[in-house]
Number of protein chains: 4
Amino acid sequence: MKTKRQIQKEATRKLILDAAYQVYANEGFSATTNQIAKAANVSHGTIFVHFPTVDNLIICLLERFGSEINEHLHLLSEKDESLETFLAAHINVLICYEDFYKRLISEINSLPQEAKYVFINIQSVVSLHLNQVIERDKEQKVIKEIPMHIIFNSWLGLIHYYLTNNYLFAAGSVLTDHKDELILNYIKLIRK
Amino acid sequence: MKTKRQIQKEATRKLILDAAYQVYANEGFSATTNQIAKAANVSHGTIFVHFPTVDNLIICLLERFGSEINEHLHLLSEKDESLETFLAAHINVLICYEDFYKRLISEINSLPQEAKYVFINIQSVVSLHLNQVIERDKEQKVIKEIPMHIIFNSWLGLIHYYLTNNYLFAAGSVLTDHKDELILNYIKLIRK
Amino acid sequence: MKTKRQIQKEATRKLILDAAYQVYANEGFSATTNQIAKAANVSHGTIFVHFPTVDNLIICLLERFGSEINEHLHLLSEKDESLETFLAAHINVLICYEDFYKRLISEINSLPQEAKYVFINIQSVVSLHLNQVIERDKEQKVIKEIPMHIIFNSWLGLIHYYLTNNYLFAAGSVLTDHKDELILNYIKLIRK
Amino acid sequence: MKTKRQIQKEATRKLILDAAYQVYANEGFSATTNQIAKAANVSHGTIFVHFPTVDNLIICLLERFGSEINEHLHLLSEKDESLETFLAAHINVLICYEDFYKRLISEINSLPQEAKYVFINIQSVVSLHLNQVIERDKEQKVIKEIPMHIIFNSWLGLIHYYLTNNYLFAAGSVLTDHKDELILNYIKLIRK
DNA sequence: AATGAATGAGCGTTCATTCAT
DNA sequence: TATGAATGAACGCTCATTCAT
């Protein structure tokens, strides 16, 4: 049983995390705690009641983000879908988080060490699912003899490249614009 | 004929650029002018004698970096080398600048607009050469029917992915460690 | 009802404005925010919690100063006093703010544009009252046929001259020392 | 006999003083030594060969300015001119130096102590001549019974007031625009 | 639990002055 | 004599963090 206070506290905590997500997505991780407080409609000090430091806020935010995105990704694995369907589903999930994800892959190296674990975790979930799908295709001998991690890293490399260099390829969402092209050609690459 | 003064001035300028290169490579582009001054062993004010603003310092540094790396790359095009040789040469060049290049591809979006042009320029030089090498192979029908820009972006995507996620793959230089594997498998991907 | 917090905040704001008033009066408007912070016994950053920029601090200070001085001057108009009484009252008001006023009339041209409006406003209040008093005397044909603005500017010119050149005329307050002489002779000048 | 070197040195010194005069007239005394060096077409360091500190430069500049303006004023006294002619001549002299003089009377209190002596000297020369002219008129009983220093300070007060508040009265030269009005009305004031 | 005023170290930048050339 | 690169203290301002309310 949660007391009224605990419920209130968790609500505020969520408010801050939601705001931080939006602010970081829009401004990058150099956004200030003041901006986040304003976006969350709480006082500046409240942030530090819930999170002892900004780094801690970022870590908690990324943990939540990791869980959320992984939950989305898990739903993919249940069905017995084709490679094409899986890749499309993966991109569709990323589109939901596109702005934030873009910031994340760009600025990951300047974020606290623990943030990286979240990032690794997300990638390993995708890897796991991709593995399953590919293995099936491999049995049918349609996939080249290339190590799984290269197959996986090529895919992530390709879409991360398009995301980080968004400005070269699209005015709005690069994933929305180039989704089909990316999937089609990536499959061509890994197929015999 | 340069006067002793001019030589001295250029030496200091080089000192600052070299220091900035090292500091940015180690700390990322959020490093401060104070850190750079200390690394260059000059007073803080001296930086602003040579560069009116930090942004200008960054742009000059990137221009120098761009020229340097392009010079390296141009040497490649003169010879009639194989795809494998070219990719190895490309990686070898990047190894020389690995830490700095890693920061650059990560943080390019937070750098001044002019910095992006330098980055685009570097990439287009690589693209140009890769194009030549691939076209030759394409005539021999060994390359898949995939648009050139996808071929190019897959390569950059792959090595940028390994660079930005260095910590996943290697303790030291990820390019040194995975060079052969990357080249070998990338070629497998684009070949029929 | 004000909360304790609001009271405290206003107190600090007043502390800063009071300190700024004193520091500017003593050192001129080239005094630094550090000096003001020290004089106010608050940390340097606190100044910028209350005033986004120095210019804003100066403008707020001048607005307060303008209100205060105008309030003093308004009290004069209610009575049906003689020219002599009015001029004496004007000088008496200025004596209260002498050091600050001296800096203001000296450095007005290097202050932000909005500061000038405050200054103009103060002068126009004086002008208004002087006008009323003079008009009465003019009806009695004791004042020369001279345009009102010249009458007004002669008065301000005279006392501003004594203020800016204080060091020529007095060790302490030039207005206190020369008040009677200035009034007496100014009246002689404008009377027939 | 001056050596070639001495002649050259004096020429450079003059170059710097001329430039400083122009720069201070245009920008006020907060202009930097760099601006002056550029305007004088000499190197920054050269300024400090001729003047140990900026304050010393300002003092020397004001001494030269004082001599120059006093020389102009001295020419006035030789003739046996009327009060009106004298005041017109005074204003005409000031018009030659208007921008610089305006800065001087505005910023005199933030200039080094010695600068004030120059200013006092200029004023006493004007005072001397005005005295002579007025005394003549006084003998003819056309001037009011007012102490000479008040008569003098009213005049300076009036024109200084117009100069410091130039922006209230004119877009260009306030002395050129209001010269006749000022003289005419000032004479009205001091005449019986 | 939430507030928000206060803190102070640190930022990029300016500028009078120095001194080797 | 003239130069101009180098200096470093000081500037206005930012911001994560603290703590009395």
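For clarity, every value in this text was computed on a predicted model and none was experimentally measured. Below, chain A is the first sequence line, B the second, and so on; all start at residue 1.
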Margin query: To the closest 0.5 Å, what do you measure between CD1 (D:Ile122) and OH (D:Tyr97)?
Written below: 9.5 Å

Using whole Å, what does the distance between atom [atom2] of nucleotide [N] and atom [atom1] of [X] come to?
| X | N | atom1 | atom2 | answer |
| --- | --- | --- | --- | --- |
| A:Leu15 | E:dA1 | CG | C1' | 14 Å |
| D:Phe29 | E:dA16 | CZ | P | 14 Å |
| B:Asn41 | F:dG8 | CG | P | 11 Å |
| C:Asp55 | F:dC13 | CG | P | 7 Å |
| D:Phe48 | E:dT18 | CZ | P | 8 Å |
| D:Lys38 | E:dC15 | NZ | P | 11 Å |
| A:His44 | E:dT3 | NE2 | P | 12 Å |
| A:Lys14 | E:dA1 | NZ | P | 19 Å |

Next item on the list: Name the residue closer to the 5' end of DNA chain E, choosing between C:Gly45 and D:Ala31 according to the nucleotide with the nearest heavy atom.
Entry: C:Gly45

Next item on the list: Identify, between B:Phe51 and C:His50, the residue whose nearest nucleotide on DNA chain E lies closer to the 5' end.
Entry: C:His50

Once you apply a heavy-atom cut-off of 4.0 Å, does [X] come out as touching a base, just sugar-phosphate, or nothing?
| X | result |
| --- | --- |
| B:Arg5 | base |
| A:Val49 | base |
| D:Thr32 | sugar-phosphate |

Is the shortest side-chain N/O distance from [X] to OP1 or OP2 of [N] below 4.0 Å?
| X | N | answer |
| --- | --- | --- |
| A:Thr33 | F:dT17 | no |
| C:Thr46 | E:dA5 | no |
| D:Ser43 | F:dA2 | no |
| D:Gln8 | F:dA2 | yes |

Check: Toward the 5' end of DNA chain F, which comes first, D:Val42 or A:Pro52, by nearest nucleotide?
Finding: D:Val42

Next item on the list: Taking atom CD of B:Glu114 as the centre, report whether more than 12 heavy atoms of other residues, nucleotides or ligands fall under 6.0 Å from it.
Entry: no

Margin query: Just checking B:Glu71: does its CD atom have more than 12 heavy atoms from other residues, nucleotides or ligands closer to it than 6.0 angstrom?
Written below: no

Notebook entry, point to check: Between B:Arg13 and B:Asp18, is there a salt bridge with N-O shorter than 4.0 Å?
Noted result: no

Note to self: For the residue pair A:Thr33 / A:His44, report whether a side-chain donor-acceptor contact shorter than 3.5 Å exists.
What the structure shows: yes

Margin query: Output the pairing pattern of DNA chain F as a dot-bracket string, 5' first, Watson-Crick or G-U wobble with both distances under 3.5 Å, | for cross-strand pairs, [ ] for crossing pairs.
Written below: .||||||||||||||||||||

Notebook entry, point to check: Taking the side chain of D:Thr53 as its heavy atoms from C-beta onward, which of E:dA6, E:dT17, F:dT3 lies nearest to it?
Noted result: E:dT17

Margin query: From C-beta outward on B:Val54, which listed nucleotide comes closest to its side chain: E:dA5, E:dA1, E:dG12?
Written below: E:dG12

Check: When D:Ile36 is tested against each of D:Val54, D:Val23, D:Leu17, D:Leu61 for side-chain contact (heavy atoms from CB on, under 4.5 Å), which residue passes?
Finding: D:Val23

Item checked: Reference residue C:Thr12; test side-chain contact (heavy atoms from CB on, under 4.5 Å); the match among C:Ile47, C:Val42, C:Asn41 -> C:Val42

Notebook entry, point to check: Are any side-chain N or O atoms of A:Asn26 and backbone N or O atoms of A:Gln22, one a donor and one an acceptor, separated by less than 3.5 Å?
Noted result: yes

